[in-house]
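Report on the following structure.
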2 protein chains.
Amino acid sequence: MTLMTAPADKPTTFVDDYLLYQLASASQHLSDEFHRKVKASGIKIHVWRVLACVVDQPGLMLTSLSKLVLYEQSRLTKIIDQMVSDGLLNKQAVAGDRRKMAIFVTAKGQEIVAPLLISAKAHETKVLENLTDSEKTMLKRVLKKLCNPRT
Amino acid sequence: MTLMTAPADKPTTFVDDYLLYQLASASQHLSDEFHRKVKASGIKIHVWRVLACVVDQPGLMLTSLSKLVLYEQSRLTKIIDQMVSDGLLNKQAVAGDRRKMAIFVTAKGQEIVAPLLISAKAHETKVLENLTDSEKTMLKRVLKKLCNPRT
DNA sequence: CATGAAAATATGCGATTTCATATTAATCAC
DNA sequence: GTGATTAATATGAAATCGCATATTTTCATG
């Protein structure tokens, strides 16, 4: 048997080196990993996502929030209605524009999201453990740059 | 008016600095961007994704392919059945195990996917234009690392 | 201040997706 | 070889999602 010089030169395939695939793959695998914990605590994924975003930026109106949460508007409308009737969020009329609704988290919503935020950060820390410091900072910087290319 | 020393110190929010959000956001925004072109050419997104993966790794069986495509197994079963009857893929029985089906792209499938592969690479190039060389290589390396942390 | 355009949210329905489970086939323990 | 386990794929019903569009309100312009 001859010495192997490298881990074999499997002809580089398309997806392995395709940025959009790599992003989708990393995103999905890592999110799934954390989502298992969310589900285990009895919370739906979309509820977690919306709570995290509303806690983060309270008082947004539906349209802006849908961009932040990355959910399509009509879908978010339905999710929020449900969360309002579940007592996790409330909608407040915005003075001066009767179309707009500002969205906030209730005390009950806070209670639910608080431990998840901690758990999420802990998970992130574990994920980032595999990277060097410079990799960490560059990764986050580059991801931000990719989202708004005009910066 | 005083000189602004920095773009204001908006208190860093959770999601802005949360890796899983950044990944999801970058993935979704960039993919949507390319998907507009795919749709414009009359191809469904899932058809593009499956074709790209099967071209990349022909002869995979359904279960492995579903991991590569990042689609759940029963969903992929249905998609592939449709694509087979549309003449884009074919399934071949695997000798020695009558449960397995190896999946390949037909000539018609090739014709459809070929221009999309070129277009995808062109889009990727444009996306990566905003990054330095070292950012590019690190980004891809780190994304791979994130997907299989045990490497 | 009337009219047309644009913005914010809501709604209904068709299409897609998922979940649980069925079915068929291979493998393992004995 | 028989029975129990595991693997690969398929299927059907229920849940979710997204598209197109409706509705209400504001804005712009003459």
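Bear in mind the structure is a predicted one, so any value in this text is a computation, not a measurement. As a basis for the values below, the full set of heavy atoms in this structure was taken, side chains included, without hydrogen atoms, waters or symmetry mates. Chain naming here is simple, since letters A, B, ... match the order of the sequence lines and numbering starts at 1 in each.
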- Query: Do the side-chain N and O atoms of A:S74 and A:E72 include a donor-acceptor pair separated by under 3.5 angstrom?
  - Reply: yes
- The residue, A:K78 or A:M101, whose nearest nucleotide of DNA chain C is more 5′ is A:M101
- Ionic contact status for B:K78 with B:D81, cut-off 4.0 Å: no
- Task: Please determine if a side-chain N or O atom of A:T63 lies less than 4.0 Å away from the OP1 or OP2 oxygen of C:dT9.
- Result: yes
- Could you check how far CG of B:D97 sits from P of D:dT6, rounded to whole Å? 17 Å
- Task: Measure the distance from CD on B:E72 to C1' on D:dT11 and round it to the nearest whole Å.
- Result: 12 Å
- Kindly indicate whether the side chain of A:Q73 and the base of C:dA10 share any N or O donor-acceptor pair separated by less than 3.5 Å? yes
- Would you indicate which nucleotide in C:dA26, D:dA10, C:dA10 comes nearest to any side-chain atom of B:K91? D:dA10
- Query: With respect to the phosphate group of D:dT26, does any side-chain polar atom (N or O) of A:R98 fall under 4.0 Å of OP1 or OP2?
  - Reply: yes
- Item | Among D:dT9, C:dA8, C:dT11, the nucleotide that comes nearest once only the side chain of B:L62 is considered | D:dT9
- Is the base of C:dC19 touched by the side chain of B:S74 through a donor-acceptor pair closer than 3.5 angstrom? yes
- Task: Could you tell me whether the side chain of A:Q92 and the main chain of A:M101 form a donor-acceptor pair under 3.5 Å?
- Result: no
- Any donor-acceptor pair under 3.5 Å joining the side chain of A:K100 to the base of D:dT26? no
- Would you say the side chain of B:R99 and the base of D:dA7 hold a donor-acceptor pair, judged only by whether the two atoms sit under 3.5 Å apart? yes
- Distance in angstrom units between B:L70 CG and C:dT18 C1', rounded: 16 Å
- Message: Distance check needed: C:dT16 C1' versus B:R49 CZ, whole Å only.
- Response: 15 Å
- Item | Whole angstrom value for the distance that separates P of D:dT9 from CD of B:Q92 | 14 Å
- State whether A:E111 and A:K108 are salt-bridged, where the test is any N-O pair (Lys NZ or Arg NE/NH1/NH2 against Asp/Glu carboxylate O) under 4.0 Å. no
- Whole-Å distance separating the NE2 atom of A:H46 from the P atom of C:dT18: 14 Å
- 5'-most contact on DNA chain C: A:R75 or A:K39, nearest heavy atom basis? A:R75
- Item | Listed once per pair and sorted, the salt bridge (Lys or Arg N to Asp or Glu O under 4.0 Å) pairs that draw on residues 34-53 of chain A, sequence neighbours left out | none
- Note on the structure: Whole-Å distance, B:K44 NZ to C:dG14 C1', equals 12 Å
- Gap between atoms CG and P, on A:D81 and C:dG12 respectively (whole Å): 12 Å
